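No experiment lies behind these values; they were computed from the predicted model shown.
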Protein chains: 2
Amino acid sequence: MSKSSVTPTRTKRVGTQLTPEAIIEASLRIAARGSADAFTVRRLGEELGADPTAVYRHFRDKDELLLSVADRTLGEVLDSIPPGLGWQDRLRALADASLAVALKYPVVSSAMASRTTRRANEFRVVELILGAVTEAGLDGADAAVHYRMVGDSLLAYVGQRAAYLLFDPEVRAADESSWTREYRLVDAGGFPHITRLGQQLAEVTHDQIYHARVEALITAISQRAEAVRGS
Amino acid sequence: MSKSSVTPTRTKRVGTQLTPEAIIEASLRIAARGSADAFTVRRLGEELGADPTAVYRHFRDKDELLLSVADRTLGEVLDSIPPGLGWQDRLRALADASLAVALKYPVVSSAMASRTTRRANEFRVVELILGAVTEAGLDGADAAVHYRMVGDSLLAYVGQRAAYLLFDPEVRAADESSWTREYRLVDAGGFPHITRLGQQLAEVTHDQIYHARVEALITAISQRAEAVRGS
DNA sequence: ACACTGTTGTCAACAGTGTTGTCATTACTG
DNA sequence: CAGTAATGACAACACTGTTGACAACAGTGT
């Protein structure tokens, strides 16, 4: 073992050499499994084949790790947006991709619904939205406000969907059947609209709501652009 | 008890002191203090002057308690909506009241951003929104979908604002200054819009975003109502 | 070649969380 | 008044994120 470079460097602490990248990828693997409470430091250690606390050599907190992971998912979103679209379709593509990625890594998206990463890929998303509202005809404060409207709304919607996906199946079932249970039992006199629309309320799909919310954003931008064009 | 009325009835435990109502009110008191991690079972016990686990005699879990507390806050929202408004102003009043209550009990609102209580006051809110979209001219599936759009969006926005309020002041400061820090350092070539709008982005207020998001919902309803009226 | 320095993984431990089971006392009911 | 159900106190459990001490490594300058 003296001079021999052949000696297999007997590392007692065998480590799967940990890097920030490896930790982020392990986090994504765990997040992709879809369980609500699986993304814990200890399970992350298992996934990495290392001691859980080793993660703290590469990230200050779990929160800092979460932000890094979230920024990676933002990269996935951006990569799946095709170029060469008009501003409306670009926003629709962003919404579609955001939702898809959010449902792929629900824990991440649900935890980020009120957060901001302030990292590389977030800048790209901001730039994308600003480009869209600019192309729509907005500028200055109008562009800034409408960017926030779009960005925050998208984040919120996608986080809601992700959180819903994280619920136990039983909770979700109770929620879906509530329209045909609790809401059917309300007093018809005091709640005429619920009584009248009970059936339709039960049949609303996520896709319909998604469509309505996304189109509402686009319409708002169009309207504002038209208003400033007229002045 | 007649003869022994003199004996100071040494009740080590003073009979039934805890009621669901008292627990809910203690929860609201804690929530109103605005701290993010103060709403815990043990502190609830302190606030009640009782053993923390006694709460479980009145609520199955902390989640069921949360739902009850949330429904109470919904009641506060409804009570502050004046009658006799048109559908648009009624929705605006609902949004205003929801935001006010959310900022009053941030922990509750932030925890409920993706939840539904399925309790008494939620029915009243649903009825209110359905009444508004009906008055706007929608019916059937249109009314149902647009109710969900409004309800979910409002819940999400208000939850975002509440969550933001729960952050440590330092985190919030970092967030607010990010537009004048990180975003100012981006490459002007790769991020022309961010570079151009940096100043405006830093100056966007919560009120502006709130206004844009609420009006977007109202506009979407109007537009849809006009479309179906034309057909 | 050697000591030095800083990094990284391991381990034990801590404070905190929600929750459950046990037990005695209180309140209610027939 | 007796019996039963409800209720609160207490101890304990499994879990969470996180920290400090220690040992094994990597790289560097002499």
Task: Base dC15(D) paired with T40(A) side chain (donor-acceptor, <3.5 Å) - done: no
TODO: With DNA chain D as reference, determine whether R57(A) or D37(A) sits nearer its 5' end, using the nearest nucleotide of each.
DONE: D37(A)
- [ ] Answer yes when R119(A) and E182(B) have at least one side-chain N-carboxylate O distance shorter than 4.0 Å, and no when they do not.
- [x] no
Open item on the list: Measure CZ/R43(A) against C1'/dG17(D) and give the value in whole Å, please.
Closed with: 14 Å
- [ ] Starting at the 5' end of DNA chain D, write a dot or bracket for each base, bracketing those in Watson-Crick or G-U wobble pairs whose two distances are under 3.5 Å and using | for partners on another strand.
- [x] ||||||||||||||||||||||||||||||
- [ ] Please state whether the phosphate of dT7(C), meaning OP1 or OP2, lies under 4.0 angstrom from any side-chain nitrogen or oxygen of H58(A).
- [x] no
- [ ] May I have the distance from F59(A) (atom CZ) to dT18(D) (atom P), rounded to whole angstrom?
- [x] 13 Å
Open item on the list: Under 4.0 Å, counting only non-hydrogen atoms across every strand here, what does A54(A) touch: a base, just sugar-phosphate, or nothing?
Closed with: base
Task: Whole angstrom value for the distance that separates C1' of dG16(C) from CG of L44(B) - done: 16 Å
Open item on the list: The side chain of D51(B) is closest to which nucleotide in this list: dT20(C), dT10(C), dA9(D)?
Closed with: dA9(D)
TODO: Specify the separation, in whole Å, of atom CZ of R60(B) and atom P of dT19(C).
DONE: 10 Å
TODO: Look at the side chain of R42(B) against the base of dG16(C) and say whether a donor-acceptor pair falls under 3.5 Å; ignore hydrogens and angles.
DONE: no
Open item on the list: Set out, in order, the CA-CA distance, both residues' side-chain angles and the distance that settles salt bridge (Lys or Arg N to Asp or Glu O under 4.0 Å) for E21(A) and R72(A), then state yes or no.
Closed with: CA-CA 10 Å; E21(A) 280 305 301; R72(A) 272 283 283 260; 2.5 Å; yes
Open item on the list: Any carboxylate oxygen within less than 4.0 angstrom of a Lys/Arg side-chain nitrogen, looking at D175(B) and R118(A)?
Closed with: yes
Task: K62(A) NZ - dT16(D) C1' separation (whole Å) - done: 8 Å
Task: Heavy-atom pair of closest approach, residues V186(A) and F123(B) - done: CG1-CD1, 3.8 Å
- [ ] For the pair Y164(A) and H206(A), evaluate ring pair (Phe, Tyr, Trp, His ring centres under 6.0 Å) and give the outcome as yes or no after the intermediate values.
- [x] CA-CA 11 Å; Y164(A) 185 74; H206(A) 282 141; 5.3 Å; yes
Open item on the list: Could you check whether R33(A) pairs with E47(A) (Lys NZ or Arg NE/NH1/NH2 to Asp/Glu carboxylate O, under 4.0 Å)?
Closed with: yes
Open item on the list: Can you measure D61(B) atom CG to dT20(C) atom P for me and round it to whole angstrom units?
Closed with: 7 Å
TODO: Could you check which of dG17(D), dA11(D), dG18(C) has an atom nearest any side-chain atom of Y56(B)?
DONE: dG18(C)
Open item on the list: Tell me the interatomic distance from L18(A), atom CG, to dT10(C), atom C1', rounded to whole angstroms.
Closed with: 12 Å
Open item on the list: So that I can tick it off, tell me whether R181(A) and E176(A) are bridged by a salt bridge, with the cut-off set at under 4.0 angstrom between side-chain N and carboxylate O.
Closed with: no
Task: Between dG9(C) (P) and I23(A) (CD1): distance, integer Å - done: 7 Å
